[in-house]
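Proteins come first, then strands; the chains are lettered A, B, ... in the order of their sequence lines, and each starts at number 1. All values derive from a computational prediction rather than experimental measurement.
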2 protein chains.
Amino acid sequence: MRPAPRRRREILDTAAEVFAAQGYDATTVRRIADAAGLLAGSLYYHFDSKESMLDEILRAFLDELWARYGAVLAARLGPRETLEALVTESFREIDRHRAAVAIYQKESRHLREQPRFGYLAGSQRRFEEAWLRTLERGVAAGDFRTDLDVRLTYRFVRDTVWVAASWYRPGGQHSPEEIARQYLSMVLEGIAPATRT
Amino acid sequence: MRPAPRRRREILDTAAEVFAAQGYDATTVRRIADAAGLLAGSLYYHFDSKESMLDEILRAFLDELWARYGAVLAARLGPRETLEALVTESFREIDRHRAAVAIYQKESRHLREQPRFGYLAGSQRRFEEAWLRTLERGVAAGDFRTDLDVRLTYRFVRDTVWVAASWYRPGGQHSPEEIARQYLSMVLEGIAPATRT
DNA sequence: CTCCTTCCCTAACAAGTGTTTGGTAGGTTA
DNA sequence: TAACCTACCAAACACTTGTTAGGGAAGGAG
(Lines give C-alpha, C1' and ligand atoms only; values in the text may rest on other atoms or scores of the structure.)
Protein backbone atom coordinates (compact mmCIF):
# COMPACT_ATOMS: atom_id res chain seq x y z
CA MET A 1 0.00 0.00 0.00
CA ARG A 2 1.04 3.59 -0.58
CA PRO A 3 2.43 5.02 2.68
CA ALA A 4 0.60 8.31 3.31
CA PRO A 5 0.31 10.53 0.24
CA ARG A 6 -0.34 13.76 2.10
CA ARG A 7 2.44 15.74 0.54
CA ARG A 8 2.11 13.90 -2.72
CA ARG A 9 -1.46 15.07 -3.21
CA GLU A 10 -0.46 18.58 -2.24
CA ILE A 11 2.17 18.65 -4.97
CA LEU A 12 -0.20 17.13 -7.50
CA ASP A 13 -2.82 19.78 -6.82
CA THR A 14 -0.22 22.47 -7.24
CA ALA A 15 0.91 20.95 -10.52
CA ALA A 16 -2.68 20.87 -11.74
CA GLU A 17 -3.09 24.57 -11.02
CA VAL A 18 0.07 25.47 -12.89
CA PHE A 19 -0.77 23.21 -15.83
CA ALA A 20 -4.20 24.79 -16.05
CA ALA A 21 -2.86 28.31 -15.90
CA GLN A 22 0.08 28.04 -18.26
CA GLY A 23 -0.54 24.96 -20.35
CA TYR A 24 1.20 21.62 -19.93
CA ASP A 25 4.08 22.12 -22.35
CA ALA A 26 4.72 25.67 -21.26
CA THR A 27 5.05 24.53 -17.66
CA THR A 28 8.52 23.54 -16.50
CA VAL A 29 9.09 21.12 -13.65
CA ARG A 30 11.09 23.85 -11.92
CA ARG A 31 8.01 26.06 -11.99
CA ILE A 32 5.94 23.34 -10.37
CA ALA A 33 8.63 22.70 -7.77
CA ASP A 34 8.80 26.42 -7.02
CA ALA A 35 5.07 26.65 -6.45
CA ALA A 36 5.10 23.55 -4.27
CA GLY A 37 8.07 24.69 -2.23
CA LEU A 38 10.81 22.25 -3.17
CA LEU A 39 13.47 21.79 -5.85
CA ALA A 40 12.90 20.32 -9.27
CA GLY A 41 14.82 17.12 -8.69
CA SER A 42 12.86 16.39 -5.53
CA LEU A 43 9.70 15.97 -7.54
CA TYR A 44 11.13 12.70 -8.77
CA TYR A 45 10.97 11.25 -5.31
CA HIS A 46 7.17 11.43 -5.52
CA PHE A 47 6.59 10.97 -9.25
CA ASP A 48 8.59 9.31 -11.94
CA SER A 49 8.00 11.90 -14.64
CA LYS A 50 6.23 15.12 -15.53
CA GLU A 51 3.99 13.10 -17.82
CA SER A 52 2.99 10.84 -14.93
CA MET A 53 1.71 13.83 -13.03
CA LEU A 54 -0.46 14.85 -15.95
CA ASP A 55 -1.66 11.29 -16.36
CA GLU A 56 -2.60 10.98 -12.72
CA ILE A 57 -4.45 14.30 -12.72
CA LEU A 58 -6.52 13.36 -15.76
CA ARG A 59 -7.25 9.84 -14.56
CA ALA A 60 -8.46 11.02 -11.16
CA PHE A 61 -10.75 13.50 -12.85
CA LEU A 62 -12.19 11.02 -15.34
CA ASP A 63 -12.66 8.35 -12.70
CA GLU A 64 -14.72 10.62 -10.51
CA LEU A 65 -16.64 12.01 -13.46
CA TRP A 66 -17.66 8.58 -14.67
CA ALA A 67 -18.65 7.51 -11.20
CA ARG A 68 -21.17 10.37 -11.15
CA TYR A 69 -22.30 9.92 -14.73
CA GLY A 70 -22.70 6.21 -14.16
CA ALA A 71 -25.01 6.84 -11.23
CA VAL A 72 -27.11 9.23 -13.31
CA LEU A 73 -27.39 6.87 -16.26
CA ALA A 74 -28.12 3.87 -14.03
CA ALA A 75 -31.10 5.71 -12.56
CA ARG A 76 -32.83 5.44 -15.96
CA LEU A 77 -34.59 8.76 -15.73
CA GLY A 78 -36.53 10.29 -18.57
CA PRO A 79 -34.50 12.03 -21.29
CA ARG A 80 -35.09 15.52 -20.03
CA GLU A 81 -34.31 14.60 -16.44
CA THR A 82 -31.21 12.74 -17.57
CA LEU A 83 -29.98 15.78 -19.45
CA GLU A 84 -30.61 18.00 -16.45
CA ALA A 85 -28.76 15.60 -14.17
CA LEU A 86 -25.79 15.25 -16.53
CA VAL A 87 -25.45 19.00 -16.87
CA THR A 88 -25.70 19.54 -13.15
CA GLU A 89 -23.11 16.87 -12.40
CA SER A 90 -20.81 18.43 -14.98
CA PHE A 91 -20.91 21.82 -13.33
CA ARG A 92 -20.38 20.18 -9.94
CA GLU A 93 -17.34 18.43 -11.37
CA ILE A 94 -16.01 21.76 -12.58
CA ASP A 95 -16.52 23.07 -9.08
CA ARG A 96 -14.46 20.25 -7.59
CA HIS A 97 -11.82 19.64 -10.26
CA ARG A 98 -11.61 23.01 -11.98
CA ALA A 99 -7.92 22.71 -12.85
CA ALA A 100 -8.23 19.16 -14.17
CA VAL A 101 -11.18 20.10 -16.35
CA ALA A 102 -9.30 23.06 -17.78
CA ILE A 103 -6.32 20.86 -18.57
CA TYR A 104 -8.53 18.22 -20.14
CA GLN A 105 -10.23 20.85 -22.25
CA LYS A 106 -6.98 22.35 -23.48
CA GLU A 107 -4.78 19.31 -23.98
CA SER A 108 -6.94 16.26 -24.59
CA ARG A 109 -7.27 16.77 -28.32
CA HIS A 110 -3.59 16.25 -29.07
CA LEU A 111 -2.82 14.11 -26.04
CA ARG A 112 -5.20 11.39 -27.14
CA GLU A 113 -2.94 10.61 -30.06
CA GLN A 114 -0.20 9.39 -27.74
CA PRO A 115 -0.65 5.74 -26.77
CA ARG A 116 -0.28 6.51 -23.10
CA PHE A 117 -3.30 8.81 -23.22
CA GLY A 118 -5.39 6.66 -25.48
CA TYR A 119 -7.98 6.31 -22.73
CA LEU A 120 -8.91 9.93 -23.37
CA ALA A 121 -10.32 8.91 -26.74
CA GLY A 122 -12.18 6.05 -25.13
CA SER A 123 -13.68 8.30 -22.51
CA GLN A 124 -14.74 10.78 -25.15
CA ARG A 125 -16.53 8.03 -27.06
CA ARG A 126 -18.46 6.95 -23.99
CA PHE A 127 -19.25 10.56 -23.32
CA GLU A 128 -20.56 11.18 -26.81
CA GLU A 129 -22.60 8.00 -26.77
CA ALA A 130 -24.29 8.83 -23.47
CA TRP A 131 -25.22 12.31 -24.63
CA LEU A 132 -26.35 11.33 -28.10
CA ARG A 133 -28.53 8.54 -26.77
CA THR A 134 -30.14 10.88 -24.27
CA LEU A 135 -30.86 13.46 -26.95
CA GLU A 136 -32.25 10.86 -29.33
CA ARG A 137 -34.44 9.36 -26.65
CA GLY A 138 -35.69 12.84 -25.91
CA VAL A 139 -36.52 13.51 -29.54
CA ALA A 140 -38.38 10.19 -29.77
CA ALA A 141 -40.28 10.88 -26.56
CA GLY A 142 -41.24 14.39 -27.60
CA ASP A 143 -39.12 16.01 -24.89
CA PHE A 144 -36.93 17.75 -27.44
CA ARG A 145 -37.53 19.38 -30.80
CA THR A 146 -37.31 17.21 -33.86
CA ASP A 147 -36.00 19.82 -36.28
CA LEU A 148 -32.56 20.24 -34.71
CA ASP A 149 -29.49 18.30 -35.77
CA VAL A 150 -28.79 16.05 -32.80
CA ARG A 151 -25.07 15.86 -33.40
CA LEU A 152 -24.71 19.63 -33.66
CA THR A 153 -26.80 20.10 -30.55
CA TYR A 154 -24.60 17.63 -28.70
CA ARG A 155 -21.47 19.53 -29.63
CA PHE A 156 -22.90 22.86 -28.56
CA VAL A 157 -24.09 21.49 -25.25
CA ARG A 158 -20.89 19.61 -24.53
CA ASP A 159 -18.63 22.55 -25.30
CA THR A 160 -20.57 25.16 -23.41
CA VAL A 161 -20.66 23.06 -20.31
CA TRP A 162 -16.97 22.27 -20.17
CA VAL A 163 -15.64 25.59 -21.34
CA ALA A 164 -17.16 27.04 -18.21
CA ALA A 165 -14.08 25.68 -16.45
CA SER A 166 -12.06 28.48 -17.99
CA TRP A 167 -14.00 31.26 -16.29
CA TYR A 168 -15.58 29.59 -13.28
CA ARG A 169 -14.07 30.41 -9.91
CA PRO A 170 -15.21 28.37 -6.92
CA GLY A 171 -16.55 30.52 -4.15
CA GLY A 172 -17.86 33.09 -6.61
CA GLN A 173 -21.36 34.46 -6.56
CA HIS A 174 -22.87 31.53 -8.45
CA SER A 175 -23.01 27.99 -7.10
CA PRO A 176 -22.59 25.11 -9.56
CA GLU A 177 -26.27 24.30 -9.14
CA GLU A 178 -27.28 27.87 -9.90
CA ILE A 179 -25.13 27.92 -13.02
CA ALA A 180 -26.59 24.60 -14.11
CA ARG A 181 -30.11 25.91 -13.57
CA GLN A 182 -29.51 29.02 -15.65
CA TYR A 183 -27.75 27.07 -18.35
CA LEU A 184 -30.51 24.48 -18.56
CA SER A 185 -33.13 27.17 -18.71
CA MET A 186 -31.31 28.77 -21.63
CA VAL A 187 -30.75 25.55 -23.52
CA LEU A 188 -34.20 24.12 -22.92
CA GLU A 189 -36.42 27.18 -23.24
CA GLY A 190 -34.16 29.52 -25.20
CA ILE A 191 -33.33 33.12 -24.44
CA ALA A 192 -36.22 34.56 -26.41
CA PRO A 193 -39.47 35.04 -24.51
CA ALA A 194 -41.88 32.14 -24.91
CA THR A 195 -44.06 32.37 -27.99
CA ARG A 196 -46.24 29.96 -29.92
CA THR A 197 -44.51 27.50 -32.22
CA MET B 1 6.75 47.92 -49.48
CA ARG B 2 7.00 44.22 -48.84
CA PRO B 3 8.26 42.50 -52.02
CA ALA B 4 5.78 39.71 -52.74
CA PRO B 5 4.82 37.65 -49.71
CA ARG B 6 3.71 34.58 -51.60
CA ARG B 7 5.92 32.11 -49.81
CA ARG B 8 5.74 34.02 -46.59
CA ARG B 9 1.97 33.63 -46.36
CA GLU B 10 2.29 29.98 -47.24
CA ILE B 11 4.65 29.41 -44.34
CA LEU B 12 2.47 31.44 -41.99
CA ASP B 13 -0.58 29.37 -42.86
CA THR B 14 1.38 26.20 -42.24
CA ALA B 15 2.56 27.51 -38.90
CA ALA B 16 -1.02 28.33 -37.93
CA GLU B 17 -2.13 24.79 -38.70
CA VAL B 18 0.63 23.29 -36.60
CA PHE B 19 0.07 25.72 -33.73
CA ALA B 20 -3.62 24.89 -33.76
CA ALA B 21 -3.03 21.14 -33.82
CA GLN B 22 -0.28 20.84 -31.23
CA GLY B 23 -0.41 24.02 -29.21
CA TYR B 24 2.03 26.91 -29.48
CA ASP B 25 4.54 25.86 -26.87
CA ALA B 26 4.52 22.24 -27.92
CA THR B 27 5.35 23.25 -31.47
CA THR B 28 9.02 23.51 -32.38
CA VAL B 29 10.27 25.71 -35.17
CA ARG B 30 11.78 22.60 -36.74
CA ARG B 31 8.33 21.06 -36.92
CA ILE B 32 6.97 24.12 -38.69
CA ALA B 33 9.90 24.15 -41.09
CA ASP B 34 9.35 20.47 -41.82
CA ALA B 35 5.70 21.00 -42.66
CA ALA B 36 6.52 23.99 -44.83
CA GLY B 37 9.34 22.24 -46.67
CA LEU B 38 12.44 24.06 -45.52
CA LEU B 39 14.91 23.99 -42.64
CA ALA B 40 14.47 25.60 -39.27
CA GLY B 41 17.06 28.32 -39.74
CA SER B 42 15.52 29.38 -43.01
CA LEU B 43 12.38 30.49 -41.25
CA TYR B 44 14.34 33.42 -39.93
CA TYR B 45 14.75 34.82 -43.37
CA HIS B 46 10.98 35.44 -43.45
CA PHE B 47 10.24 36.06 -39.76
CA ASP B 48 12.36 37.31 -36.94
CA SER B 49 11.03 34.96 -34.28
CA LYS B 50 8.58 32.20 -33.51
CA GLU B 51 6.67 34.66 -31.39
CA SER B 52 6.37 37.03 -34.34
CA MET B 53 4.63 34.34 -36.34
CA LEU B 54 2.10 33.83 -33.57
CA ASP B 55 1.64 37.56 -33.25
CA GLU B 56 1.04 38.02 -36.95
CA ILE B 57 -1.46 35.15 -37.07
CA LEU B 58 -3.50 36.53 -34.19
CA ARG B 59 -3.41 40.12 -35.44
CA ALA B 60 -4.58 39.17 -38.90
CA PHE B 61 -7.46 37.25 -37.40
CA LEU B 62 -8.53 39.98 -35.01
CA ASP B 63 -8.25 42.67 -37.67
CA GLU B 64 -10.58 40.86 -39.99
CA LEU B 65 -12.93 39.92 -37.19
CA TRP B 66 -13.33 43.49 -36.05
CA ALA B 67 -13.85 44.71 -39.57
CA ARG B 68 -16.89 42.41 -39.81
CA TYR B 69 -18.14 43.10 -36.32
CA GLY B 70 -17.73 46.82 -36.89
CA ALA B 71 -19.94 46.64 -39.97
CA VAL B 72 -22.61 44.75 -38.07
CA LEU B 73 -22.62 47.15 -35.13
CA ALA B 74 -22.59 50.19 -37.38
CA ALA B 75 -25.76 48.97 -39.06
CA ARG B 76 -27.62 49.61 -35.79
CA LEU B 77 -30.01 46.71 -36.18
CA GLY B 78 -32.40 45.61 -33.47
CA PRO B 79 -30.97 43.54 -30.62
CA ARG B 80 -32.16 40.22 -31.94
CA GLU B 81 -30.96 40.93 -35.47
CA THR B 82 -27.63 42.16 -34.12
CA LEU B 83 -27.18 38.94 -32.16
CA GLU B 84 -28.03 36.89 -35.22
CA ALA B 85 -25.59 38.83 -37.35
CA LEU B 86 -22.78 38.60 -34.79
CA VAL B 87 -23.21 34.86 -34.45
CA THR B 88 -23.32 34.35 -38.20
CA GLU B 89 -20.20 36.45 -38.73
CA SER B 90 -18.44 34.49 -36.02
CA PHE B 91 -19.10 31.17 -37.70
CA ARG B 92 -18.02 32.63 -41.03
CA GLU B 93 -14.80 33.76 -39.38
CA ILE B 94 -14.25 30.23 -38.09
CA ASP B 95 -14.75 29.01 -41.62
CA ARG B 96 -12.06 31.33 -42.94
CA HIS B 97 -9.56 31.43 -40.08
CA ARG B 98 -10.17 28.11 -38.37
CA ALA B 99 -6.57 27.65 -37.23
CA ALA B 100 -6.23 31.20 -35.93
CA VAL B 101 -9.47 30.91 -33.97
CA ALA B 102 -8.34 27.64 -32.41
CA ILE B 103 -5.04 29.19 -31.39
CA TYR B 104 -6.76 32.24 -29.97
CA GLN B 105 -9.11 30.04 -28.01
CA LYS B 106 -6.33 27.93 -26.56
CA GLU B 107 -3.60 30.44 -25.89
CA SER B 108 -5.12 33.87 -25.43
CA ARG B 109 -5.80 33.49 -21.72
CA HIS B 110 -2.15 33.24 -20.72
CA LEU B 111 -0.75 35.17 -23.68
CA ARG B 112 -2.61 38.31 -22.74
CA GLU B 113 -0.44 38.66 -19.66
CA GLN B 114 2.65 39.25 -21.79
CA PRO B 115 3.02 42.91 -22.77
CA ARG B 116 3.48 42.04 -26.41
CA PHE B 117 0.06 40.40 -26.53
CA GLY B 118 -1.71 42.96 -24.40
CA TYR B 119 -3.96 43.81 -27.33
CA LEU B 120 -5.67 40.46 -26.76
CA ALA B 121 -7.07 41.77 -23.50
CA GLY B 122 -8.20 44.94 -25.24
CA SER B 123 -9.94 43.00 -27.93
CA GLN B 124 -11.65 40.83 -25.40
CA ARG B 125 -12.98 43.89 -23.60
CA ARG B 126 -14.45 45.33 -26.79
CA PHE B 127 -15.90 41.93 -27.53
CA GLU B 128 -17.54 41.62 -24.14
CA GLU B 129 -18.89 45.14 -24.31
CA ALA B 130 -20.48 44.64 -27.73
CA TRP B 131 -22.18 41.43 -26.66
CA LEU B 132 -23.32 42.64 -23.26
CA ARG B 133 -24.81 45.80 -24.72
CA THR B 134 -26.67 43.82 -27.35
CA LEU B 135 -28.08 41.45 -24.75
CA GLU B 136 -29.09 44.28 -22.44
CA ARG B 137 -30.74 46.18 -25.26
CA GLY B 138 -32.60 42.99 -26.09
CA VAL B 139 -33.81 42.56 -22.55
CA ALA B 140 -34.99 46.16 -22.44
CA ALA B 141 -36.76 45.84 -25.78
CA GLY B 142 -38.47 42.59 -24.82
CA ASP B 143 -36.53 40.58 -27.38
CA PHE B 144 -34.91 38.45 -24.70
CA ARG B 145 -36.07 37.00 -21.40
CA THR B 146 -35.64 39.11 -18.31
CA ASP B 147 -35.04 36.31 -15.83
CA LEU B 148 -31.65 35.21 -17.16
CA ASP B 149 -28.34 36.49 -15.88
CA VAL B 150 -27.00 38.55 -18.77
CA ARG B 151 -23.36 37.98 -17.91
CA LEU B 152 -23.80 34.21 -17.65
CA THR B 153 -25.71 34.15 -20.91
CA TYR B 154 -22.96 36.13 -22.58
CA ARG B 155 -20.33 33.64 -21.45
CA PHE B 156 -22.31 30.66 -22.64
CA VAL B 157 -22.98 32.20 -26.02
CA ARG B 158 -19.43 33.41 -26.50
CA ASP B 159 -17.86 30.09 -25.59
CA THR B 160 -20.12 27.90 -27.63
CA VAL B 161 -19.59 29.95 -30.72
CA TRP B 162 -15.82 30.01 -30.60
CA VAL B 163 -15.27 26.50 -29.36
CA ALA B 164 -16.83 25.34 -32.59
CA ALA B 165 -13.43 26.04 -34.13
CA SER B 166 -12.13 22.90 -32.46
CA TRP B 167 -14.46 20.56 -34.31
CA TYR B 168 -15.47 22.49 -37.41
CA ARG B 169 -13.90 21.35 -40.65
CA PRO B 170 -14.41 23.53 -43.72
CA GLY B 171 -15.95 21.65 -46.58
CA GLY B 172 -17.92 19.44 -44.22
CA GLN B 173 -21.62 18.80 -44.51
CA HIS B 174 -22.64 22.01 -42.74
CA SER B 175 -21.95 25.48 -44.08
CA PRO B 176 -21.13 28.22 -41.59
CA GLU B 177 -24.53 29.77 -42.26
CA GLU B 178 -26.30 26.48 -41.59
CA ILE B 179 -24.43 26.03 -38.33
CA ALA B 180 -25.26 29.58 -37.33
CA ARG B 181 -28.94 29.00 -38.13
CA GLN B 182 -29.12 25.86 -36.02
CA TYR B 183 -27.19 27.44 -33.20
CA LEU B 184 -29.39 30.54 -33.16
CA SER B 185 -32.49 28.41 -33.21
CA MET B 186 -31.23 26.51 -30.19
CA VAL B 187 -30.18 29.56 -28.23
CA LEU B 188 -33.22 31.65 -29.07
CA GLU B 189 -36.03 29.11 -28.92
CA GLY B 190 -34.44 26.36 -26.82
CA ILE B 191 -34.26 22.66 -27.53
CA ALA B 192 -37.52 21.83 -25.78
CA PRO B 193 -40.68 22.00 -27.91
CA ALA B 194 -42.51 25.30 -27.63
CA THR B 195 -44.90 25.44 -24.70
CA ARG B 196 -46.71 28.17 -22.83
CA THR B 197 -44.60 30.20 -20.41
C1' DC C 1 29.89 38.42 -68.53
C1' DT C 2 29.06 40.68 -63.83
C1' DC C 3 26.10 42.34 -60.17
C1' DC C 4 22.23 41.96 -57.24
C1' DT C 5 18.39 40.04 -55.06
C1' DT C 6 15.76 36.25 -53.38
C1' DC C 7 15.58 32.20 -50.90
C1' DC C 8 17.45 28.64 -48.71
C1' DC C 9 21.20 25.47 -46.34
C1' DT C 10 24.92 24.10 -43.08
C1' DA C 11 26.66 24.45 -38.75
C1' DA C 12 26.90 26.10 -34.71
C1' DC C 13 25.43 28.77 -30.32
C1' DA C 14 23.76 29.59 -25.43
C1' DA C 15 19.98 28.80 -22.68
C1' DG C 16 16.70 25.90 -20.92
C1' DT C 17 14.56 21.24 -20.72
C1' DG C 18 13.29 16.74 -18.03
C1' DT C 19 15.75 13.57 -15.43
C1' DT C 20 19.39 10.98 -12.56
C1' DT C 21 22.70 10.32 -9.00
C1' DG C 22 24.59 10.59 -4.51
C1' DG C 23 24.16 12.56 -0.32
C1' DT C 24 21.90 14.08 4.14
C1' DA C 25 18.91 16.13 8.00
C1' DG C 26 15.41 14.59 10.97
C1' DG C 27 12.26 11.65 12.80
C1' DT C 28 10.81 6.71 14.03
C1' DT C 29 11.74 2.09 15.32
C1' DA C 30 14.43 -1.61 17.67
C1' DT D 1 22.99 3.61 20.48
C1' DA D 2 22.24 1.78 15.93
C1' DA D 3 19.58 1.00 11.94
C1' DC D 4 16.17 2.66 8.98
C1' DC D 5 12.86 5.42 6.37
C1' DT D 6 11.01 9.68 4.62
C1' DA D 7 11.54 13.82 2.16
C1' DC D 8 14.39 16.68 0.45
C1' DC D 9 18.83 19.21 -1.73
C1' DA D 10 22.96 20.03 -4.77
C1' DA D 11 24.95 19.20 -8.84
C1' DA D 12 25.28 17.41 -12.81
C1' DC D 13 23.55 14.76 -17.18
C1' DA D 14 22.18 14.46 -22.19
C1' DC D 15 19.22 16.55 -25.06
C1' DT D 16 16.23 19.96 -27.24
C1' DT D 17 15.05 24.57 -27.74
C1' DG D 18 14.92 29.20 -30.47
C1' DT D 19 18.17 31.72 -32.86
C1' DT D 20 22.32 33.42 -35.57
C1' DA D 21 26.23 33.70 -38.89
C1' DG D 22 28.15 32.83 -43.20
C1' DG D 23 27.75 31.04 -47.43
C1' DG D 24 25.81 29.63 -51.89
C1' DA D 25 22.60 28.35 -55.82
C1' DA D 26 19.30 30.32 -59.10
C1' DG D 27 17.72 33.78 -61.93
C1' DG D 28 16.91 38.35 -63.67
C1' DA D 29 19.04 43.13 -64.85
C1' DG D 30 22.73 45.94 -66.64
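Checked by atom type and distance alone, the side chain of B:Ser185 never pairs as donor or acceptor with a backbone atom of B:Arg181 at under 3.5 Å. Looking at B:Ser42, its side chain never comes within 3.5 Å of a backbone N or O of B:Leu38 through a donor-acceptor pair.
Residues A:Tyr45 and A:Leu39 each lie close to DNA chain D; by heavy-atom proximity, the contact nearer the 5' end of the strand is made by A:Tyr45. In this structure, A:Asp48 and A:Ala26 both approach DNA chain C, and ranking their closest nucleotides by distance from the 5' end singles out A:Ala26. Along DNA chain C, the nucleotide nearest A:Gly41 and the nucleotide nearest A:Thr28 are compared for position; the residue whose nucleotide lies closer to the 5' end is A:Thr28.
Across the protein-nucleic acid pair, B:Leu43 atom CG and C:dT10 atom P stand 14 Å apart, rounded to whole Å. Straight-line distance from the CD atom of B:Glu10 to the P atom of C:dC7: 12 Å, rounded to whole Å. We find that NZ of A:Lys50 is positioned 17 Å from C1' of C:dT20, with the value rounded to whole Å. The CE-P distance, from A:Met53 to C:dT17, rounds to 14 Å in whole Å. Between B:Asp25 atom CG and C:dG18 atom C1' the separation is 16 Å, expressed in whole Å.
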- Item | Worked verdict on B:Asp149 versus B:Arg151 for salt bridge (Lys or Arg N to Asp or Glu O under 4.0 Å) | CA-CA 6 Å; B:Asp149 184 304; B:Arg151 194 159 230 101; over 6 Å; no
- Given A:Arg112 and A:Glu107, is the salt bridge (Lys or Arg N to Asp or Glu O under 4.0 Å) satisfied, shown in steps? CA-CA 9 Å; A:Arg112 83 170 58 128; A:Glu107 319 281 354; over 6 Å; no
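In this model, the phosphate group of D:dC8 is approached by a side-chain N or O of A:Arg7 to a distance below 4.0 Å at OP1 or OP2. B:His46 has no side-chain polar atom (N or O) that falls below the 4.0 Å cut-off from OP1 or OP2 of C:dT6. At C:dC9, one or more side-chain N or O atoms of B:Ser42 fall inside 4.0 Å of OP1 or OP2 (strictly under the cut-off). For the OP1/OP2 pair of C:dT19 and a distance below 4.0 Å, the side-chain nitrogens and oxygens of A:Tyr44 include at least one atom meeting the criterion.
At the heavy-atom level, A:Ser52 lies nowhere under 4.0 Å from the strands shown.
Counting only heavy atoms from C-beta on, B:Leu38 has its side chain closest to C:dC9 among C:dC9, D:dA7, D:dG18.
Distance CD/B:Glu51 to OH/B:Tyr24: 5.0 Å, rounded to 0.5 Å.
Side-chain to base pairing of A:Arg30 with C:dG16: no donor and acceptor N or O lie closer than 3.5 Å to each other.
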